[in-house]
Each structure stands twice: as C-alpha cells, then as structure tokens.
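Have a look at the structure below before the remarks.
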Amino acid sequence: MSVEDPLRQPILRGPALLALLTACGGGLVNNNTSKDTATDDGIPNVYIAVDSIDFGSVEQLRTAGESVQVQNTGTATLEITAIEFSDTAFFASAGAGLQIPPGTSTTLALKFQPQDYVAHAGSVTISTNDPDEPDSIIALRGDVITDFDGDGHDITDAGGDDCDDTDPDIYPGAPDRWYDGIDSDCQGNDDYDQDGDGHQTDGRTGGTDCQDANPDINPDATDAWYDGVDSDCDGSDDYDKDGDGWRAEAFGAGSDCDDENPEVNPDGTERMNGFDDDCDGASDNKVPGTSADVVLSGAAAGDNAGWALTAGDLDEDGLDDLIIGSYNYQSGRGAVSIFDGADMVVSDGLTIEDGQNYFNGDGSTDY
C-alpha cells in the first residue's frame, strides 16, 4: 500500500496511543488492488483503504481516536501476525493472532494518547499472512493544543507562561484585581498582599496588615511617635506614647504635659516630687496627705500634727532640717518636732515625737 509522506514536524513530545481491534463483518477494502484479487484460490488478501491518519490536535493531553478497517478479500483466513508502532504515542491493544475469515473485516481502533506537549509523527505497520503484501503501513500524526484557552499564551507544561490555560482572562500581563483570590497576571504574588511586605491585609484572610498600600506599614515595622501613622498596626494612639489615655500637649493633640510618664496627666495625683503630676501648671501644689511617700503621725488623734510644716537649715550645716508643728498636741499644749537634715531617718510608723529635737508648750493651751 502507498504511504503519505511526512506528517508535520514535532513541536511537542511523546504520549500514548491505544488501538482496539473489534471483529466484525462488512465490505472489503485493500490498499493494494493491483496485486491480489478475491479470486485467488486459498490465498488470503489484505485490503486497507487508508494510508495515513491525522488525529489532529488534542486538548491538554487528552485522548483522540480514529478507526481503520482491515478487510480480507481473499479466499483463505487472513491472520494479523503483528502490529508495530514507530512512535510510542500510538498504540493497539490487539496484536498477532487475530484472524479474519474470507469476505469479512475487522475494525482497528487506534488512539493517540499524548503524555507531553509535542507533535508526534510516526506509523503503524500491520503484518499479516498475505503472501503478496504482508506489511501494510499507515502513517500517523497528532499534536497537542498548547494554548487551550486561546489567550495567546501557552500552558507552562508546554514551556509557555500561562499559569491557567483554562481561563482566557488569566495570562501574563492581564489586568489583576487585588483581593479576589485570583492571580490574573500570573505573577505568583499573594493576592491579599498588595504592597508585598509579607503581611496579608486585615479583614480578608485574617491578615494583620492595617495598610496594604504601603510596605512600610505592617506589624513588623518600627513606629515613629507623633507622626500620625500607626506604622506597626498595633492600634495605639500615635499621640499617646505613655498609654495613659491622654494625648500629648507638646504636639497640639491634647493636654498631657508629660507623655513619657503614664502617671503624669490631667487626671494625675499631685505628689511632693518636683513634678507637675496633674498638668495644672504648678509643681507640688495641693498635695493630698494620702499621696505622700512617708506619713508621720501625731502622738494621738486630734494633735493636728503637720498643720504647720517648713524646712530650713537651722544648724547651718548646709542641710535643710524638717520642722513639724502640732498645734493641738496634748489638747492644746502644742509641740514642735525637728528632724535633723544631717541625720534624717523618716519612715512610715514614726510620730513627730521621734524627731531629733522635740519641744512641748509649757502651758495647757499654748498651741
């Protein structure tokens, strides 16, 4: 039988082919009508009408099938002794030993089953016991569609750059919409991290990036105070550095006179410490006794210890002494206690009588 030349040159590589043989009755076909005739007594004669089969282009390594009729136009049983393929992309499931009685035919089902994205050109040789023409050769060819969705980009398995060859809207250079979970432009970037800082945006996938349009704002960033930007996404007030709930007065944002100390703010308690604890513009004024570091008591209730209080260097040793008056001491007798600045030991639990110098009034109502 004559064989067509050349199939197209391979642009892809290898897959598989399956041919199933099904015996059936039917008309006779032969690829060499010039040699054998049906009148040869006791001689089988093979007749195949086609000498080439084109499987066309298959979609993404799927299988394509074609069939060919093998007819016996002789007067003796035709036996197929072998079926051989020159390319492993094409196969037949039945082989030697298939017998075709005179005047009948068998349908040979061939399949092109590619395993890669290259074109295949080959042939199948069907060998029989036909004495004049034992070998019938059929040229085979087939290839694989590498751009299934028709967007102009081949699938990556075929050496292309289309990350999804089933969707024509997905290809390199396609418009990409952020936060839809689709990598439309095949860049491979995180669709929920627009600024590329490694943190997904808040509210989309449980991410913690509070500003996904700026790579300098994320939970790992360093936050500069008083610039109005929550750079580290911790949700804190950028004008309340000490976290006391009051914004810094220095930046015109609030009334906290010391934003480094959480105990200093308009709600702070004034103490004898040299600081304006309540931000009223004055230091150590209106100090309540309960805020003192150390409390000295009178000897008895109602002594009015500390009603008069001053400090000064009485002994001129360069150190201030503490002078405490108790005008109602002993029901009006009165007392003055002096704690020496050179040897002052003042702690909770002491009374004014524990001073280094202690003086009582002479009379019962000296005050």
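FYI, the numbering just counts along the sequence from 1.
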Do side-chain atoms of Q211 reach the backbone of A213 as a donor and acceptor pair under 3.5 angstrom? yes
Qualifying residue for side-chain contact (heavy atoms from CB on, under 4.5 Å) with S184, from D176, D191, D169: D176
Do P131 and I43 come within less than 4.5 Å of each other through their side chains, counting heavy atoms only? yes
Considering all heavy atoms of both residues, which atom of D276 and which atom of V264 are nearest to each other, and what is their separation? O-CG1, 3.4 Å
I'd like to know whether I138 forms a side chain to side chain contact (heavy atoms under 4.5 Å, CB included) with D51, so could you lay out the CA-CA distance, the side-chain angles of the two residues, the decisive distance to 0.1 Å, and finally the verdict. CA-CA 5 Å; I138 303 174; D51 57 12; 5.8 Å; no
Mind checking who shares a hydrophobic cluster with Y171, ILVMFWY linked at side-chain heavy-atom distances under 4.5 Å? none
Specify the closest pair of heavy atoms between D195 and I217, including all atoms of both residues, with the distance to one decimal. OD2-O, 4.3 Å
To the nearest 0.5 angstrom, please state how far the OG1 atom of T104 sits from the CD atom of Q99. 10.5 Å
Tell me, with the steps shown, if D135 and T125 meet side chain to side chain donor-acceptor pair (under 3.5 Å). CA-CA 6 Å; D135 294 329; T125 299; over 6 Å; no
Applying side chain to side chain donor-acceptor pair (under 3.5 Å) to D143 and S57, what does each step give before you reach the verdict? CA-CA 5 Å; D143 60 28; S57 298; 2.3 Å; yes
Share the residues that join F275 in a hydrophobic cluster, the rule being Ile, Leu, Val, Met, Phe, Trp or Tyr side chains under 4.5 Å apart at the heavy-atom level. none
Residues D165 and H153: closest non-hydrogen pair is OD1-O, 3.5 Å
Partners passing side chain to side chain contact (heavy atoms under 4.5 Å, CB included) against D240 (at least two apart in sequence or in another chain): D237, D242, D244, D259
Is the NZ or CZ atom of R141 both under 6.0 Å from the centre of the six-membered ring of F112 and within 45° of that ring's axis? no
Would you sort out whether I100 and T77 count as a side chain to side chain contact (heavy atoms under 4.5 Å, CB included), showing the intermediate values? CA-CA 6 Å; I100 306 172; T77 298; 5.9 Å; no
D130 CG to N45 CG distance, which is reported to the nearest 0.5 Å: 5.0 Å
For C279 and D256: C-alpha separation, side-chain torsions, deciding distance, then whether side chain to side chain contact (heavy atoms under 4.5 Å, CB included) applies. CA-CA 7 Å; C279 294; D256 191 343; 4.2 Å; yes
Establish whether V70 and F85 are linked, either directly or via other cluster members, by ILVMFWY side-chain heavy-atom contacts under 4.5 Å. yes
Show your reasoning for whether side chain to side chain donor-acceptor pair (under 3.5 Å) applies to E249 and S255. CA-CA 4 Å; E249 181 181 45; S255 53; over 6 Å; no
Taking all non-hydrogen atoms of both residues, which atom of G122 and which atom of S86 are closest, and how far apart? CA-OG, 3.2 Å
Same apolar cluster: I155 and I170, side chain cutoff 4.5 Å: no
H199/D220 under side chain to side chain donor-acceptor pair (under 3.5 Å): CA gap, chis, key distance, verdict: CA-CA 9 Å; H199 294 266; D220 288 335; 3.0 Å; yes
Between L140 and V50, is there a shared hydrophobic cluster once you connect ILVMFWY residues whose side-chain heavy atoms come closer than 4.5 Å? yes
Would you name the heavy atoms of Y192 and D212 that are closest together and state the gap between them? O-OD2, 3.7 Å
Distance col, row D183:CG vs C163:SG, nearest 0.5 angstrom, shows 5.0 Å
Side chain to side chain contact (heavy atoms under 4.5 Å, CB included) filter on E66, not counting sequence neighbours, yields I53, F55
Determine, using the 4.5 Å side-chain heavy-atom cutoff (strictly less than), whether Y179 and I182 are members of one ILVMFWY cluster. no
Evaluate the side-chain proximity of D154 to D147: yes if any heavy-atom separation is below 4.5 Å, no if none is. yes
Does W246 sit in a hydrophobic cluster with other residues, and if so which ones, taking ILVMFWY side chains as linked at heavy-atom separations under 4.5 Å, directly or through other members? none
Option passing side chain to side chain donor-acceptor pair (under 3.5 Å) with Q200 (candidates D190, D193, T208, D209): D190
Shortest non-hydrogen pair, D232 vs A221, comes out as CB-O, 3.4 Å
Quick one: does any side-chain atom of S67 pair with a main-chain N or O of A109 as donor and acceptor, under 3.5 Å? no
Calculate, to the nearest 0.5 Å, the distance between atoms CH2 and OG belonging to W225 and S231 respectively. 10.5 Å
Given N129 and L78, is the side chain to side chain contact (heavy atoms under 4.5 Å, CB included) satisfied, shown in steps? CA-CA 6 Å; N129 61 343; L78 178 70; 3.3 Å; yes
Taking side chain as C-beta onward, heavy atoms only, is T269 less than 4.5 Å from D278? no
Could you check whether any side-chain heavy atom of C210 comes within less than 4.5 Å of a side-chain heavy atom of P219, counting everything from C-beta outward? no
For T166, which residues count as a side chain to side chain contact (heavy atoms under 4.5 Å, CB included) partner, sequence neighbours excluded? Q60, D164
Measure the spacing between CG of D277 and OG of S283 and express it to the nearest 0.5 Å. 7.5 Å
Distance, nearest 0.5 Å, that separates CD of E84 from OG of S127: 6.0 Å
